[in-house]
Amino acid sequence: MDTLKAQIESPPAYNMERQSAFSISHAVAEVIKTILTYALLCIMALFVTLPIVWIIGASFNNASSLLSATFLPKNPTASHYVELFTKTKFPYWYANTFKIACINMVVSVILSMLTAYVFSRFHFVGKKAGLLSILILQMFPSFMGMMALYNILWQLNLLDTHLGLILTYAVGQIPYNTWLIKGYLSNIPKSLDEAAKLDGASNTRIFVQVIFPLSKPILTFVALSQFMAPWMDFIFPRLILSSSKKMTLAIGLYDMISSDTNNNFTTFAAGAVLVAVPITILYVCLQKYLIQGIMAGANKA
Amino acid sequence: MKKSTRAGIMSAIVWGSGQLANGQWAKAVIFFAGQLMLLFFFPSVCSGIYGLFTLGETKMVVNGSKVVMGDNSIILMIFGILWFFVAAAFLLLYIFNIRDAVKNGRLRDEGKTPLKVREWWNKVTDRSFPYLILLPTIILVFIFVVLPILFGFLIAFTNYSAPDHLPPKNLIDWVGIQNFIDMFKLPMWNDTFGGVLLWTIIWAFISTFTCFFGGLLMACLVNSRRVRFKRFWRSIYILPWAMPGMVSLLIFRNMFNGQFGPINTFLRQANIIEQNIPWLSDALMAKIVIFIVNFWLGFPYFMAMMTGVMTSIPNELLEAARIDGATAKDEFRRITLPLVLYSTAPLLIMSFAGNFNNFNVIYFLTNGNPINPSYKFAGSTDILITWIYKLTKDNRQFQMASVMSILVFVVIASISTFNFLRTRAFKEEDMMS
């Protein structure tokens, strides 16, 4: 009883002192934690930006070899950018890649969207078999049929043509994209199109005016990933394209530095910067859609 | 005899005749046209399927400067598969033809009249809308996806390989499961396969987990209440994800260049090292570099996803926890972390499958090198997918590449199936309908 009383009546001054001591050490801990946090953030920022800064620096270097490519160019020059356009086929590669990326995006989005729409909204014989085939087909690594594809394109006279490459990209991704879009469409209530049907709208009109606007987020994601694929892919252009004027950027840039001499390094650096800048900006601007799309895919695929 | 039985037998002999007996002349014309087409294509179907079984019989003959072309086994195989499906389609049409005749014959047995042309046409046009839309896609997917996959699968059971079985110069033959036996029995293949598979699994695990937890750490840091200018930090860390992966990899390949690379040059100039570090030419070192570079490439993806989850946690939930006396630590451990882990778990599995087949990182960074003398056609850092690529592209061991592709498919398919089965999508009734 006495101890309890003593506790309750403990002198207020003592209490205050303890509290302020506590808050000082607490504040110190806070400051240290904040400093540590920022230190870690800075280290990671350095780690992330170092290669990027280096390649930009290298592209402005005067010399052409890898050894002389320093972070801060001594005599900065833009001559490699000029060389890229005068001495290499870089402009062709850029134009080819852009063309392939755009057509691939359009073709793939239209085909996958239509397929997904039919699978999510219509009942027909063979629907289950179709869905199951799509599910299985999208599991195969895309270049499992590489050799056959080469021979098929050869038989169709599509070797060394952009059409062959576009068909490979666009059609190859249909199973995956269809599955993704179908998952999204299934979440759009069917009562919406039923209401439209009661109002006398045709299938085409329901598709254009109801389904299409509602599925824009997932379509943006599919379009973006289809647009990106040709910029990064190496395997298929190497397989299908052979003449240097028809190549895409991935092949062109790779060949530029895969020779042992490494004398083209700074030109490669300039090319890398010109490829990376627009793509990076596009990605950063559209990251909201990318994140949405990936999360949708993760919960459906 | 019942009308249905008679119509069925008639259609079984002459396509469409049963339909004619049922009084449905439009259908009869279509089915009969089908039979005429079958007769027309019959020789092609037979020779196509025959070619699929034999894979060619006459070899190419070189007589001085004159070359007499023989059979090309590859083309025979592709067209064989194609004609096989055409035959299957005809078979389906045939069965449908008989069933249709029997069905409408039964209607007549019951004293009803089958649909008249106009009614039937309206029904068909109404029902065929999905098929019409799907038709172009089905044809394209068949030619560019299904056919190559089937071909790739069948190659595993042939001897299609350099130097003695390369069309059009030579023929290839069916060898049954011999390649699978070789893969597991011949030490030369077996050792490489074991070593490469082990490294592929280690690679897939470590690369996925470093990126996942690196992303988690960075997401927590950037979203912590201590940090100001969150947008600024986030935009910096997202850069590796936004940059085209191939470009970044080629940059890293040069940075880590053992002789001329800037990293070694810098370390030498700063007197930290005297000898160049063999970043990419030593097996262990190369593997470490691969993990570091992959971390650079991969953590922003997870960071972006987790930030997305964290910002979507409703504020009321966190406030309610605070009112109940939760500290910042509790809040993180009991609310934020479980939610983030729960919604990114599928990404973790997908990312594992992706890394298992991550061609770009290995091929562009090390090209599978350094060379491993005890491996056949593979280097120390090669994973299965880059080994398959090298077998196909550089060494033309198509049959073994195909065996390996099948094994890779089995792994990837089991992971995807597992992931698919545990998702909500599957449990929804509507999923497959």
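Labels below follow one simple rule: chain letters A, B, ... track the order of the sequence lines, proteins then strands, and each chain is numbered from 1.
We find the CD1-CG distance between B:I133 and A:L114 to be 5.5 Å, quoted to the nearest 0.5 Å. Rounding to the nearest 0.5 Å gives a distance of 13.0 Å between CG of A:L111 and CD of A:Q173. The line from CD1 of A:I240 to CG of A:L158 is 9.0 Å long, rounded to the nearest 0.5 Å.
With hydrogens and angles ignored, the 3.5 Å screen pairs a side-chain donor or acceptor of A:T97 with a backbone N or O of A:L249. Counting only distance, with no hydrogens or angles, the side chain of B:S402 and the backbone of B:A156 share a donor-acceptor pair below 3.5 Å. No side-chain donor-acceptor contact under 3.5 Å links B:Y237 to the backbone of B:A304.
Contact annotation for A:Q292: neither backbone nor side-chain heavy atoms come within less than 4.5 Å of a heavy atom of chain B. If you measure heavy-atom distances from B:R228 to chain A, the contacts under 4.5 Å come from both the backbone and the side chain. If you measure heavy-atom distances from A:K33 to chain B, the contacts under 4.5 Å come from both the backbone and the side chain. Residue A:R238 touches chain B through both its backbone and its side chain, counting heavy-atom pairs closer than 4.5 Å. A:Y150 does not touch chain B: none of its heavy atoms, backbone or side chain, sits under 4.5 Å away. For B:Y131, the part sitting under 4.5 Å from any heavy atom of chain A is the side chain, from C-beta outward, and nothing else. For A:C42, the parts lying under 4.5 angstrom from a heavy atom of chain B are both the backbone and the side chain. For B:I236, the parts sitting under 4.5 Å from any heavy atom of chain A are the backbone and the side chain alike. With a 4.5 angstrom heavy-atom cutoff, B:N264 does not touch chain A via any of its atoms. For B:V408, the part lying under 4.5 angstrom from a heavy atom of chain A is the side chain only. Of the two parts of B:I412, only the side chain, counted from C-beta on, holds a non-hydrogen atom closer than 4.5 Å to a non-hydrogen atom of chain A. Contact annotation for A:I52: only side-chain heavy atoms (C-beta onward) come within less than 4.5 Å of a heavy atom of chain B. Proximity to chain A involves both the backbone and the side chain of B:I292, based on heavy atoms less than 4.5 angstrom apart. Residue A:I152 touches chain B through both its backbone and its side chain, counting heavy-atom pairs closer than 4.5 Å. Looking at B:W296, both its backbone and its side chain come within 4.5 Å of chain A, counting heavy atoms on both sides. Contacts of B:F144 with chain A are made by both backbone and side-chain atoms, with heavy-atom separations under 4.5 Å. Neither the backbone nor the side chain of B:M404 comes within less than 4.5 Å of any heavy atom of chain A. When heavy atoms are compared at a cutoff of 4.5 Å, B:S235 does not approach chain A at all. Of the two parts of A:I291, the backbone and the side chain both hold a non-hydrogen atom closer than 4.5 Å to a non-hydrogen atom of chain B.
Residue B:R226 qualifies as enclosed at atom CZ: its count of foreign heavy atoms under 6.0 Å is above 12. Atom NZ of A:K288 is surrounded by 12 or fewer heavy atoms from other residues, nucleotides or ligands within 6.0 Å. The number of heavy atoms from other shown groups lying within 6.0 Å of CZ (B:R396) does not exceed 12. In this structure, B:F266 places its CZ atom where only 12 or fewer heavy-atom neighbours from other residues, nucleotides or ligands lie under 6.0 Å away.
Side-chain contact between A:L180 and A:Q138 is absent, with no heavy-atom pair separated by less than 4.5 Å. Counting heavy atoms from C-beta on, the side chains of A:M146 and B:Y389 come closer than 4.5 Å. Side-chain contact check for A:L131 versus A:W179: some heavy-atom pair is nearer than 4.5 Å. Side-chain contact between A:P230 and A:T248: absent, with no pair of heavy atoms (C-beta onward) separated by less than 4.5 Å. The closest side-chain heavy-atom distance from B:Y301 to A:I294 is below 4.5 Å.
Heavy-atom pairs under 4.5 Å with chain A peak, among B:I155, B:I75, B:I349, B:T307, at B:I75. Chain A forms the most heavy-atom pairs under 4.5 Å with one residue out of B:V145, B:T417, B:I251, B:V309, and that residue is B:I251. The candidate from B:P130, B:G214, B:A242, B:P148 with the greatest count of non-hydrogen atom pairs under 4.5 Å with chain A is B:A242. Across B:P244, B:G308, B:P136, B:A413, the residue that shares the most heavy-atom pairs under 4.5 angstrom with chain A is B:P244. By number of non-hydrogen pairs under 4.5 angstrom with chain B, the leading residue of A:N151, A:L153, A:V277 is A:N151. Options A:I281, A:V125, A:V273, A:L156 differ in how many heavy-atom pairs under 4.5 Å they form with chain B, and the most are formed by A:V125. Contact tally against chain B (heavy-atom pairs below 4.5 Å) for A:T178, A:L149, A:I136: the top residue is A:L149. Of the residues considered (A:A272, A:A45, A:A276, A:P175), A:A45 shows the highest number of contacts with chain B, using heavy-atom pairs under 4.5 Å. By number of non-hydrogen pairs under 4.5 angstrom with chain A, the leading residue of B:L250, B:I74, B:T137 is B:L250. Of all the listed residues (B:I149, B:V247, B:T392), the one sharing the greatest number of non-hydrogen pairs under 4.5 Å with chain A is B:I149.
Between B:F153 and B:F409, the distance separating the two ring centers is not shorter than 6.0 angstrom. Within the 6.0 Å centre-distance limit, the rings of A:F265 and A:F268 are counted as a close aromatic pair.
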